[in-house]
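Residue numbers begin at 1 in each chain, while the letters A, B, ... track the order of the sequences. What's counted below: heavy atoms across the whole structure, side chains too, no hydrogens, waters or symmetry copies.
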Number of protein chains: 2
Amino acid sequence: MSQLTCQEWSYHRRVSLRIAALGLLAQQPGSGYDLLRLFEQSMANVWPATQSQLYSELNKLADGGLIEVSAIGPRGRKEYRITDAGRAELRRWVNNPADDPPFRSPRLLRIFLLGEVSPSQAREHLAELAGRADGEIARLEKLRTEIVSENPDDGLFYGLAALDYGLRLNAMEAEWARSVIDAIDAR
Amino acid sequence: MSQLTCQEWSYHRRVSLRIAALGLLAQQPGSGYDLLRLFEQSMANVWPATQSQLYSELNKLADGGLIEVSAIGPRGRKEYRITDAGRAELRRWVNNPADDPPFRSPRLLRIFLLGEVSPSQAREHLAELAGRADGEIARLEKLRTEIVSENPDDGLFYGLAALDYGLRLNAMEAEWARSVIDAIDAR
DNA sequence: TCCCTCATGTAACACGTTACATGATTTC
DNA sequence: GAAATCATGTAACGTGTTACATGAGGGA
């Protein structure tokens with residue numbers, strides 16, 4: 001009975017917002033509200049979060065002993081901080097990439113099904129994809145400039161690495177989309 | 001009362017396995033069991049499916065009139081085929097990329113949190129990523145050779161385009177991972 | 001007959017979204 | 001005092017996974 005208390009944390013490895021929240025709390029304590037803004041600002045590019053889910057995950061994390069309330073402020077504000085168990089869990093997750101969820105991409109699925117629409121519609125769709133990727137590149141480059149100027153030390157080293165991934169991904173995507181357009185034209 | 005019948009299909013746009021199944025049935029009729037094998041073979045790289053979900057989605061699709069049972073075989077086998085409404089829905093989805101779910105990547109989240117482990121562990125993790133990407137490239141290239149040799153016509157044009165995306169993605173990832181390793185070494 | 005493949009389904013759970021609900025504190 | 005912001009929560013639903021369950025047909 002009640003096998004659901006502690007083992008839970010080792011069972012479900014396909015875990016996500018839980019980890020993202022844990023990761024933010026590993027850097028500094030904060031309330032749900034604080035975390036929400038951190039998600040919007042820094043982590044949204046990697047892991048968007050909704051308010052609703054965040055608060056319930058924080059409660060679950062606290063129930064599981066991975067975080068704890070470090071202070072109570074006005075308006076019922078609960079400031080959380082990570083525990084040793086939480087840090088261990090975070091490290092375990094980072095070191096175990098084996099069991100990530102399978103790769104799923106609505107974008108690629110759409111490409112797969114592009115034969116269902118006319119060639120001109122397909123070309124248009126791909127051109128939009130390429131344009132969107134160009135826009136993303138511009139946005140991310142601006143973001144990088146801001147981050148670099150506001151953080152002279154390299155405290156955000158890995159954040160910038162992730163950003164670089166985004167830049168390369170979008171460059172690849174734009175190039176690829178245009179190559180498919182060329183292939184359609186050459187058909 | 002009962003607003004849940006037909007409008008449903010226009011409301012939920014973040015739809016996925018539903019569309020993938022519809023897309024396969026658009027190419028040829030088949031049973032749930034047939035589709036399952038098609039998912040494993042051709043579509044697993046783009047949209048993996050579990051047996052359980054597939055069968056219930058097929059029932060929902062049939063309830064919604066997007067597919068219909070075209071024949072009943074031995075062992076209760078139900079062969080489905082797409083309807084006109086189904087084709088229309090499929091085309092609508094392909095033409096409306098705007099409301100795809102937000103981009104989420106456990107892989108990138110892990111990079112973001114790589115500061116939690118030691119530099120040597122981080123380097124090792126990135127090396128594994130690069131190696132895995134190399135392996136994926138080999139696998140996809142083999143797959144492409146098979147597809148090209150078995151399909152002299154270009155009936156799988158968009159399938160090959162999706163495959164090319166996968167190749168470029170993995171090449172990008174390997175290159176990126178190695179560049180981050182270099183950056184760690186240079187720190 | 002026994003086993004493998006074909007063939008479909010149910011139940012419980014995990015994760016994420018949207019919408020709704022509530023109230024305290026600060027600021028103008 | 002009104003409004004914006006801070007701060008947390010619940011409920012219902014959609015989608016995906018795992019495990020379990022069932023049975024028919026074909027070949028050794």
How long is the line joining [atom1] of [X] and [atom2] of [N], in whole Å?
X: B/Leu58; N: C/dA7; atom1: CG; atom2: P; result: 13 Å
X: A/Tyr55; N: D/dC6; atom1: OH; atom2: P; result: 11 Å
X: A/Leu61; N: D/dT8; atom1: CG; atom2: C1'; result: 16 Å
X: B/Trp93; N: D/dT15; atom1: CH2; atom2: P; result: 13 Å
X: A/Phe103; N: D/dG16; atom1: CZ; atom2: C1'; result: 17 Å
X: A/Tyr33; N: D/dC6; atom1: OH; atom2: C1'; result: 5 Å
X: B/Lys60; N: C/dT8; atom1: NZ; atom2: P; result: 17 Å
X: A/Arg77; N: C/dT22; atom1: CZ; atom2: C1'; result: 19 Å

[X] bridged to [Y] by N-O distance under 4.0 Å:
X: A/Glu57; Y: A/Arg18; result: yes
X: B/Arg107; Y: B/Glu173; result: yes
X: B/Arg37; Y: B/Glu40; result: no
X: A/Arg168; Y: A/Asp164; result: yes

> Across the strands shown, which category fits A/Leu36 at heavy-atom distances under 4.0 angstrom: base, sugar-phosphate, nothing?
Replying inline: nothing
> Touch check for B/Gln51, heavy atoms < 4.0 angstrom, all strands: base, sugar-phosphate only, or nothing?
Replying inline: base
Side-chain N or O of [X] versus OP1/OP2 of [N]: is the shortest distance under 4.0 Å?
X: A/Ser56; N: D/dT10; value: no
X: B/Arg18; N: D/dG16; value: no
X: B/Lys78; N: C/dC6; value: no
X: A/Ser52; N: C/dT17; value: no
X: A/Thr50; N: C/dT17; value: yes

Side chain of [X] only, please: which of [options] is the nearest?
X: B/Trp47; options: D/dG16, C/dT17, C/dT25; result: D/dG16
X: B/Ser16; options: D/dT17, C/dC15, D/dG16; result: D/dG16
X: B/Gln53; options: C/dG9, D/dT15, C/dG16; result: D/dT15
X: A/Arg75; options: C/dG9, C/dT25, D/dT8; result: C/dT25
X: A/Asn59; options: D/dA7, D/dG9, D/dT17; result: D/dG9

> Which sits closer to the 5' end of DNA chain C, A/Ala49 or B/Tyr80, going by the nucleotide each is nearest to?
Replying inline: B/Tyr80
>> For B/Gly76 and B/Arg104, find the nucleotide of DNA chain C closest to each by heavy atoms; which residue's nucleotide sits nearer the 5' end?
In response: B/Gly76
> So, B/Arg123 side chain and B/Ile184 main chain: donor-acceptor pair closer than 3.5 Å or not?
Replying inline: no
>> Rounded to the nearest 0.5 Å, what separates atom CG in B/Leu24 from atom CG in B/Asp34?
In response: 10.5 Å
